[in-house]
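Structure, as structure tokens:
When reading the values below, keep in mind they use all heavy atoms of this one structure, side chains included, and skip hydrogens, waters and symmetry mates. Sequence lines set the chain letters: A, B, ... in the order given, protein chains first and strands last, and positions in each chain run from 1.
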Amino acid sequence: MLTAFTHARLLDPAKERDEIGVLLVEGGKIAAIGPDVAPPDSARIIDCTGLCLAPGLVDMRVAVGEPGEEQRETILSASRAAAAGGITAFAMLPNTSPVLDDIAGLEFIARRAREAKLVKIFAYGAVTKGAAGRDLAEMGLLAEAGAVGFTDGVHAIGDALTMRRALSYAKGFGKVLVQHPEEASLAAGGQMNEGEIATRLGLAGIPRAAEIIMLERDLRLVALTGGRYHAAHLSTAEGVELIRVAKSEGLRVTCDVAPPYFALTEVDVGDYRTFAKLSPPLRTDDDRRAIIAGLADFTIDAIASDHAPQDQDAKRVPFAAAAPGVVGLETLLPIALELYHKGEIGLLDLLARMTVIPAGILGLPMGRLKIGAAADLMVFDLNRPWVIDSGAFCSKSKNSPFDKRPVLGKVLMTMVDGRIVYQSEETLHAGAY
Amino acid sequence: MSDIVWPHRHLLGIEGLSAAEITAVLDLSETYVEQNRRADKRSRELAGRTIMNLFFEDSTRTRTSFELAGKRLGGDVLNMSVSSSSVKKGETLLDTAMTLNAMNPDFLIVRHSLSGAPKLLADKVNCAVINAGDGTHEHPTQALLDALSIRRRKGRLAGLSVAICGDILHSRVARSNIHLLVTMGAHVRVVGPPTLIPTAIDRMGVDVFHDMDAGLRDADIVMMLRLQSERMSGRFVPSSREYFHFHGLTFDRLKAAKPDALIMHPGPMNRGVEIDSEVADDIGRSLILDQVEFGVAVRMACLRLLASTRANA
């Protein structure tokens, strides 16, 4: 079976390719690519005139409710949501019930992903048993079983000695250690960013220092151990600056950010809007701008959805009782593209943060348009206007602060290993590159 | 009273009310102060209306005050005490509210331990919601009754220096009073140890003092707040003894304020912790019983005004 995407704007951030041409898929792999490739007569032609063809997105931070909280999200529903968002591979956090801290858990995820057979699902192993922050999980065995990295997910590794040993130990297996950088004692009981708005709303604040202090400590431990460290979902300007300096000093440090942190601020909490309750909390506009600057100068390596499905019971409650998090799989691309449309960051540079760079951090050979590589692709219309409708999400949970937001750029088709796993009801034609 | 048209469907907070609206509430309250002092205290302005007191947090004086207010206007008042486990609070809130809403009440008076709970309810029900205190957010009728108490003694609010003292961080009374007094042109200071002053409170238009003597200097009104005992065991301040030493209101300390300064407290008082008993009981200086009396009148005014709103009519 041969498939030819023709007249497509081929976008490959890894090769800085941005040209109109043809991409040929054969046997689930990319067989040919370029402006001069002629599609054979036998090929199924997918005319991409006016549309972009890029590597499928690689999302390095996704929470799924399975096992344990399937009412929030199952592996199947997350797979569908990912496919609809142009995401062909994601790494899920170990904060399931039970926690993914042993081989059996990873094998379960792998089996469920095979059964769903939509997108490629990888899992982090927990750093500590039960993600409880005390005793190290079997990191070596987890790595052998396919863990793409280690993290306690939504929990920070608070104990300095545990963090030191985890960084040292993970080094032996060549895996990254992902931290939720937040000093728990400063964040305890906090509901939103500390400041005037929290004071007015009568909500306990989480100071920016909670993130800054944890990053500063961790960076010292990275210097001490030589470990590979990744800071997840930065929220503060100082946090971005700390990573910038650490990189200039040669530390093996990477970081990511999620769309809410460059698209929203604490103001969006408004009148107790629980869909704007995140961990870490949305910060100020100065922080938002610093994060965009950090993306522009490559201090911030990756953009991850930080998909955190929460059902109605967890969000239709008073703000302080609401669970943090937003769904993000189906809004990752259009919200990220706002940065391109506003001229903050180039298209290839933007796509790199969601494809080849996160793949590289996780040691996954994907996220590029390369002959012989798996045909994990997405077709999108860069300029198509549409309005986000959380009611239409494939995700089981609808907790999106972006509902009703007008955006530009829509995923029209997603392909994994040559199989079409998502196709928009809208026509492929009508794009304008 | 038929010419009154109040523009707000709910009373969720003082923030957002204009000076003219606050004045309208206070003016109307004056007439109810008179009504409440008559032998026949009942009018029929809310005859046929159903008022439900929905208290998710224990309260005696606020609930009783609302109950009296509703009854004196001729309304039917029901008291629902909702026992709340800390974990399930959220679910029971909406479920209970929707159940009650189906019985077609005209007013829900809501108190809840979490900030924003009345707002959440107001978005779901189709009757007027009055916030009777939500978490550390607002307690609008308390601020209105405080304002009425001050205005009746001092004749005005604008230009007065008001010192709000104590646990500002956890106080919904403080927030509502700050909004109201700043809107009405009073000079507001908050006074307390740094651990009990919320971040960026100065952005609400107040001056911050940590020294009680400096904070009380030339004040017209000294408004004391309750400090809950669990906050004095080392988590926010080291002990009640140390707190009283630096922040308790005594006659000696009161000398810094104006000679005719008045003392207020939203109650219930911790005598010997934030306020000396002698001070609290000084009829000439203390507005504490005025506050309780005028609370009923202010709540009558709020009910009456909300009943005039087009959406609630």
Side-chain angles (χ1 to χ4, degrees), chain A residues 69 71-72 185-212 236 265-277 281-287 310-325 399 403, chain B residues 10 12-16 56-57 84-95 97-98 110 112-124 131 133-139 168-176 178-179 182 190 197-206 208 235-236:
Chain A
E69 293 187 49
Q71 80 281 3
R72 294 200 290 129
S185 65
L186 280 175
Q191 305 300 331
M192 67 173 295
N193 185 42
E194 183 172 294
E196 182 188 355
I197 297 175
T199 292
R200 282 179 184 272
L201 291 174
L203 294 172
I206 300 174
R208 318 148 57 70
E211 174 169 297
I212 299 161
T236 63
T265 67
E266 60 177 350
V267 172
D268 291 282
V269 170
D271 235 349
Y272 304 102
R273 221 168 145 225
T274 58
F275 284 5
K277 180 173 179 177
L282 295 171
R283 305 280 185 188
T284 67
D285 200 53
D286 287 345
D287 294 303
Q310 301 291 358
D311 57 16
Q312 297 250 340
D313 285 352
K315 286 290 191 183
R316 279 184 56 186
V317 293
F319 199 89
N399 52 304
D403 189 34
Chain B
H10 309 288
L12 301 177
I14 298 293
E15 189 171 21
F56 292 88
E57 201 182 57
S84 47
S85 78
S86 57
V87 184
K88 290 287 177 190
K89 231 167 238 176
E91 283 109 321
T92 52
L93 172 66
L94 265 196
D95 290 348
M98 293 316 289
V110 181
H112 199 281
S113 62
L114 297 179
S115 302
K119 159 72 179 161
L120 180 70
L121 279 188
D123 289 343
K124 303 290 173 194
N131 179 5
D134 63 328
T136 55
H137 175 225
E138 283 228 43
H139 190 356
I168 312 293
L169 181 66
H170 298 99
S171 177
R172 53 196 176 210
V173 174
R175 282 172 181 72
S176 285
I178 289 168
H179 288 306
V182 169
V190 295
I197 302 288
T199 314
I201 189 82
D202 54 310
R203 299 286 295 273
M204 289 169 67
V206 303
V208 177
R235 290 190 46 81
F236 290 91

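- Using a 4.5 Å cut-off between heavy atoms, B:Arg175 contacts chain A through its side chain alone, with no backbone atom that close.
- In terms of non-hydrogen atom pairs under 4.5 Å with chain A, the most contact-rich of B:Gly13, B:Gly116, B:Ala200 is B:Gly116.
- Between B:Asp134 and B:Lys119 there is no salt bridge, since none of the side-chain N atoms of the basic residue sits less than 4.0 Å from a carboxylate O of the acidic one.
- A side-chain contact (heavy atoms from CB on, under 4.5 Å) with B:Val190 is found for exactly one of B:Leu169, B:Asp202, B:Ile178, namely B:Ile178.
- Put simply, of B:Arg172, B:Glu15, B:His170, the one with the most heavy-atom pairs under 4.5 Å next to chain A is B:Glu15.
- With hydrogens and angles ignored, the 3.5 Å screen pairs a side-chain donor or acceptor of A:Lys277 with a backbone N or O of A:Phe319.
- With a 4.5 angstrom heavy-atom cutoff, B:His179 touches chain A only via side-chain atoms.
- Proximity of a side-chain donor or acceptor of A:Asp311 to a complementary backbone N or O of A:Gln71 within less than 3.5 Å is not detected.
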